[in-house]
Amino acid sequence: GTILSLSGVTKSYTGQTGAVTPVLDGIDLAVEEGEFIAILGFSGAGKTTLISTIAGLVEPDAGEIRLRGAPIDGPGKDRGLVFQSYSLLPWLTVEKNVALAVDAVHKDRSKAERAALVRQKVELVGLGHAMDRKPAQLSGGMRQRVSVARALAMEPEILLLDEPLSALDALTRAKLQDEIERIRKEEKRTIILVTNDVDEALLLADRVAVLTPAPAARIGRIFTVDVPR
Ligand code: ADP
Ligand code: ADP
């Protein structure tokens with residue numbers, strides 16, 4: 001069934017001079033439970049704005065976003081977000097960075113349960129050996145894996161990935177794409193990936209939603225394509 005639905009989601013930004021930039025124009029999109037959907041578009045097409053509305057970080061001017069039928073109300077632990085720039089706290093170890101999110105979200109669980117969850121997700125992304133390292137002692141690919149582990153440890157219903165690989169070199173990106181595929185098989189979670197990389201979208205996703213670029217009349221429209229497997 002449908003886990004997430006957007007209907008008529010519309011958003012413009014108003015600059016300091018009062019100039020209005022329309023970005024999303026009546027976006028309709030239904031995401032099925034367990035589906036991996038990629039949102040593909042050029043830089044400036046509105047991808048980050050779209051995923052931010054889903055994350056509850058940006059409020060649409062019009063339209064509605066429902067999670068399991070209920071309108072979303074701001075950010076929630078049901079939606080875990082991984083940004084383009086890994087927002088890890090530099091003074092904390094890998095373990096502590098992930099634990100911070102786990103402690104915030106899973107208050108109902110015992111200390112031992114939370115510690116086990118942290119270890120499981122860090123191991124899942126292949127960093128079991130690096131639990132005690134700080135971000136400065138990690139490569140870019142490793143840091144982005146920590147961000148993914150942190151989001152997974154929150155056990156969100158939907159994993160939102162906003163260009164998680166775009167800042168990485170081609171080889172590291174390819175490795176992490178494999179990693180995401182493997183995680184997907186193990187976790188069976190609904191995933192929404194924002195990317196400007198056609199190959200990446202086709203490699204990873206079941207369905208690709210194309211967000212058309214900004215120029216005037218064609219702003220913020222969307223259509224989807226099924227990826228044959
Ligand atoms: P993408 O992620 O596809 O590159 P964005 O959603 O970041 O696209 O941006 C879409 C458009 O909205 C761009 O023209 C961008 O300049 C503009 N924009 C994004 N965020 C803001 C903001 N906070 N204030 C004003 N304009 C913004
Ligand atoms: P990734 O594919 O995750 O970016 P790399 O290929 O860059 O990893 O690095 C391979 C290995 O080298 C890592 O598993 C890590 O142990 C080590 N490494 C890479 N960069 C650093 C660094 N800045 N500090 C310490 N170890 C590093």
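For ligands, and for the atoms within them, numbers begin at 1 and follow the listed sequence. Here, residue 1 is the first one in the sequence, and each next residue gets the next number.
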For a quick test of your reading: what N or O donor-acceptor pairs under 3.5 Å do the side chains of residues 2-9 make, sequence neighbours left out?
unit_1 : atom_1 : unit_2 : atom_2 : d
T2     : OG1    : E32    : OE2    : 3.1

For W91, what are the other residues in its hydrophobic cluster, where any two members join if their side-chain heavy atoms are less than 4.5 angstrom apart?
L89, L92, L100

Those atoms of ligand 1 less than 4.0 Å from some heavy atom in F42
3 (O)

Please determine if T49 has a nitrogen or oxygen closer than 3.5 Å to a nitrogen or oxygen of ligand 1.
yes

Under the salt bridge (charged side-chain N to carboxylate O under 4.0 Å, His left out) rule, what do E186 and R184 come out as? Steps first, then yes or no, please.
CA-CA 5 Å; E186 282 185 36; R184 164 110 203 279; over 6 Å; no

Do we see a donor-acceptor contact under 3.5 Å between the side chains of R150 and S87?
yes

I'd like to check which ligand 1 atoms, numbered from 1 as shown, lie under 4.0 Å from a non-hydrogen atom of S43.
4 (O)

Side chains of D61 and T10 only: does a donor on one sit below 3.5 Å from an acceptor on the other?
no

Give a yes/no on ligand 1: does A45 have at least one heavy atom closer than 4.0 angstrom to it?
yes

Would you mind running through ligand 1 and noting each atom that sits below 4.0 Å from a heavy atom of V23?
10 (C), 11 (C), 12 (O)

Interfacing atoms of ligand 1 (cut-off 4.0 Å, heavy-atom, T48)
1 (P), 2 (O), 6 (O), 7 (O)

Can you list the atoms of ligand 1 that are under 4.0 Å from a heavy atom of K47?
1 (P), 2 (O), 3 (O), 4 (O), 6 (O), 8 (O)

Do the charged groups of E157 and R79 touch, with an N to O distance under 4.0 Å?
no

